Amino acid sequence: IVPSGTSKSVFYVTLPENGIQKLGYAQVKTRLLEGEEACSASVTGEASRGGTLPYGHSAELEVVYKCEKPGATAVLVIIPLEPSSSVSFRIVKHCKGYQSRADRAWYAHKSVLLVAFLTLLAVFCCCGECAPKRKTGPGSITLVSLDSDTKYD
């Protein structure tokens, strides 16, 4: 996940084994995940322009994000490998103060817990003042008759 304060990401394309690989022009596609249409993206750098990549050499690929509204956007980067395959990866970009559903749910959940705690606190405080004060302590026993309100200490 790329946070909202980040405007670009840099990647390096290399070959895993000896040889030479022809690269096509890199493509980038965006898809809305959550919120409004938040972000557009473009690719620059040596690996974005196509060409030949020899073993032992790295080609830079820079993904540049342009955030316009709060939201989350999936950014798919595709690098064609000639003659007939490609490599791709996906990045999730958050834009301008975006808050995920899980974060919003947690804040709502904390509010419910706070209201419940304050309600219980108010109930215990009120009931504590209304109840008669009893003398209790080590060695004291209070007996209450079930037939009347008479107490025997």
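If you're wondering where the values come from, they're calculated on a predicted model, not measured in any experiment.
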Pairs where residues 18-30 contributes a residue and the test side-chain hydrogen bond (donor to acceptor under 3.5 Å, both in side chains) is met, not counting sequence neighbours:
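Residue pairs with at least one partner in residues 18-30: there are none.
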Is Ile78 isolated, or which residues cluster with it under the ILVMFWY side-chain rule of less than 4.5 Å, directly or via members?
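Traced through the cluster, Ile78 reaches Leu76.
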Under the disulfide bond (SG atoms under 2.5 Å apart) rule, what do Cys95 and Cys39 come out as? Steps first, then yes or no, please.
CA-CA 7 Å; Cys95 292; Cys39 177; 4.3 Å; no
Pairs in or reaching into residues 65-93: which pass ring pair (Phe, Tyr, Trp, His ring centres under 6.0 Å), with residues at least two apart or in two chains?
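Residue pairs with at least one partner in residues 65-93: Phe11-Phe89.
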ILVMFWY cluster, Val43 and Val87 together (side-chain gap under 4.5 Å)
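In one cluster with Val43: Val87, yes.
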Would you say Val13 ends up clustered with Ile91 if hydrophobic residues are merged whenever their side chains have heavy atoms under 4.5 Å apart, either directly or through other cluster members?
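Yes: a chain of side-chain contacts under 4.5 Å links Ile91 to Val13.
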side-chain hydrogen bond (donor to acceptor under 3.5 Å, both in side chains) with Ser7: which residues, sequence neighbours excluded?
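Per chain and number, Ser7 pairs via side-chain hydrogen bond (donor to acceptor under 3.5 Å, both in side chains) with no residue.
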Which residues pass the side-chain hydrogen bond (donor to acceptor under 3.5 Å, both in side chains) test with Thr44, sequence neighbours left out?
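Partners of Thr44 under the side-chain hydrogen bond (donor to acceptor under 3.5 Å, both in side chains) test: Glu62.
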Minimal non-hydrogen separation, Ala41 against Val63, with atom names
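Closest approach of Ala41 to Val63: CB-CG1, 4.4 Å.
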To check you understand the geometry: which heavy-atom pair defines the closest contact between Ala47 and Ala26, and what is its length?
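Answer, listing the atom of Ala47 first, then Ala26: O-CB, 4.1 Å.
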Check residues 48-61 and write down every donor-acceptor pair under 3.5 Å in which the side-chain atom is one partner and the other belongs to a residue at least two apart or another chain.
{"residue": "Ser48", "atom": "OG", "partner": "Gly45", "partner atom": "N", "Å": "3.3"}
{"residue": "Ser48", "atom": "OG", "partner": "Gly45", "partner atom": "O", "Å": "2.6"}
{"residue": "Arg49", "atom": "NH1", "partner": "Gly45", "partner atom": "O", "Å": "3.2"}
{"residue": "His57", "atom": "NE2", "partner": "Glu46", "partner atom": "OE2", "Å": "3.2"}
{"residue": "Glu60", "atom": "OE1", "partner": "Tyr12", "partner atom": "OH", "Å": "3.2"}

Any donor-acceptor pair under 3.5 Å from Lys96 side chain to Gly71 backbone:
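Between the backbone of Gly71 and the side chain of Lys96 there is no qualifying donor-acceptor contact (under 3.5 Å).
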Examine distances only and state if a side-chain atom of Lys93 and a backbone atom of Lys66 form a donor-acceptor pair shorter than 3.5 Å.
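No, because the side chain of Lys93 does not come within donor-acceptor range (under 3.5 Å) of the backbone of Lys66.
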Should Val92 and Thr73 be marked as a side chain to side chain contact (heavy atoms under 4.5 Å, CB included) after you check the CA-CA gap, both sets of side-chain angles, and the distance that decides it?
CA-CA 6 Å; Val92 176; Thr73 302; over 6 Å; no
CD1-OG1 distance between Ile1 and Thr6, expressed to the nearest 0.5 angstrom:
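So the CD1 of Ile1 and the OG1 of Thr6 are separated by 12.0 Å.
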Taking C-beta and beyond as the side chain, do Leu33 and Arg31 meet within less than 4.5 Å on heavy atoms?
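Yes, side chains in contact.
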